[in-house]
Amino acid sequence: MTKPKRLDPPPKYEPGFIARLDSRTGIAKILRANFEAVANDLGGVDELSHVQSALVERFVFLQATLSKIEADMVEDPEEASEIMGRWIQAVNSLTGLAKTLGIKRVASKQNWVVS
């Protein structure tokens with residue numbers, strides 16, 4: 001039985017990293033879909049300010065990094081306690097970004113009905 005291939009994010013964050021990912025890779029598809037999902041929750045990509053877009057990109061990167069950290073803990077249980085510190089820090093950062101962006105959905109202007 002073979003292990004499923006891991007879909008790790010890039011090793012470090014750089015602004016605009018999602019656009020530079022190879023579109024054929026699984027991680028690129030996941031990160032782009034997650035970016036779009038978060039953007040849609042905020043009213044759509046076209047409604048994001050520059051700051052919001054930058055924060056959404058960081059949110060998506062951090063979300064993927066958390067998945068990697070969680071996979072690392074499962075693969076190496078002996079190191080889980082050391083890895084847990086990074087995980088807690090990442091969760092706290094993700095929570096801060098979520099609070100800044102807002103955790104409630106915003107209706108897209110495309111769905112507004114004018115009467």
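In this text, all values refer to a predicted model and were calculated from it rather than measured experimentally.
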Main chain of Leu42, side chain of Arg105: is a donor-acceptor contact present, judged purely on distance under 3.5 Å?
no

Please indicate whether Glu70 has more than 12 foreign heavy atoms, meaning atoms of other residues, nucleotides or ligands, lying under 6.0 Å from its CD.
yes

Nearest 0.5 Å please: distance from the CG atom of Asp76 over to the CD atom of Glu82.
9.0 Å

Is the shortest heavy-atom distance from the side chain of Ile83 to the side chain of Ile69 under 4.5 Å?
yes

If you round to the nearest 0.5 Å, how far is CG of Leu55 from NE2 of His50?
9.5 Å

Decide side chain to side chain contact (heavy atoms under 4.5 Å, CB included) for Leu31 and Leu21; before the verdict, give the C-alpha distance in whole Å, the side-chain angles of both, and the deciding distance to 0.1 Å.
CA-CA 9 Å; Leu31 292 172; Leu21 292 172; 3.5 Å; yes

Can you name the closest pair of heavy atoms from Glu57 and Phe35 and give their distance?
N-CE1, 3.7 Å

In Å, rounded to the nearest 0.5 Å, how long is the span from CZ of Arg86 to CG of Asp72?
6.0 Å

Any heavy-atom pair between the side chains of Asp8 and Ser67 that's under 4.5 Å?
no

Under a 3.5 Å distance rule, please check whether Gln52 uses its side chain to pair with a backbone N or O of Ser49 as donor and acceptor.
yes

How many angstroms lie between CG in Leu62 and CD in Gln89, if you round to the nearest 0.5 Å?
9.5 Å

Between the side chains of Arg58 and Ser93, does any donor sit under 3.5 Å from an acceptor?
no

Over all heavy atoms of both residues, which pair between Gln63 and Asn34 is shortest? Give the atoms and the distance, please.
OE1-ND2, 3.8 Å

Lys12 vs Glu14, test: salt bridge (charged side-chain N to carboxylate O under 4.0 Å, His left out). Steps then yes/no.
CA-CA 7 Å; Lys12 67 178 190 168; Glu14 292 179 4; 3.5 Å; yes

Same cluster or not: are Val74 and Leu66 linked, directly or through other Ile, Leu, Val, Met, Phe, Trp or Tyr residues, by side-chain heavy atoms under 4.5 angstrom apart?
no

Please answer: with hydrophobic residues joined when any side-chain heavy atoms are less than 4.5 Å apart, are Ile103 and Leu48 in the same cluster?
no

To the nearest 0.5 Å, what is the distance between CG on Asp22 and NZ on Lys29?
9.0 Å

By side-chain hydrogen bond (donor to acceptor under 3.5 Å, both in side chains), which residues pair with Asn92, not counting sequence neighbours?
none

Measure the spacing between CZ of Arg32 and OG1 of Thr25 and express it to the nearest 0.5 Å.
7.5 Å

What pair of heavy atoms forms the shortest contact from Tyr13 to Ala54, and how long is it?
OH-O, 4.2 Å

Would you say that Phe61 contacts Pro10 through its side chain, given a criterion of any heavy-atom pair below 4.5 Å between the two side chains?
yes

Within the supplied structure, the quantity of interest is the number of heavy atoms (other residues, nucleotides, ligands) at a distance under 6.0 Å from Arg20 CZ; does it exceed 12?
yes

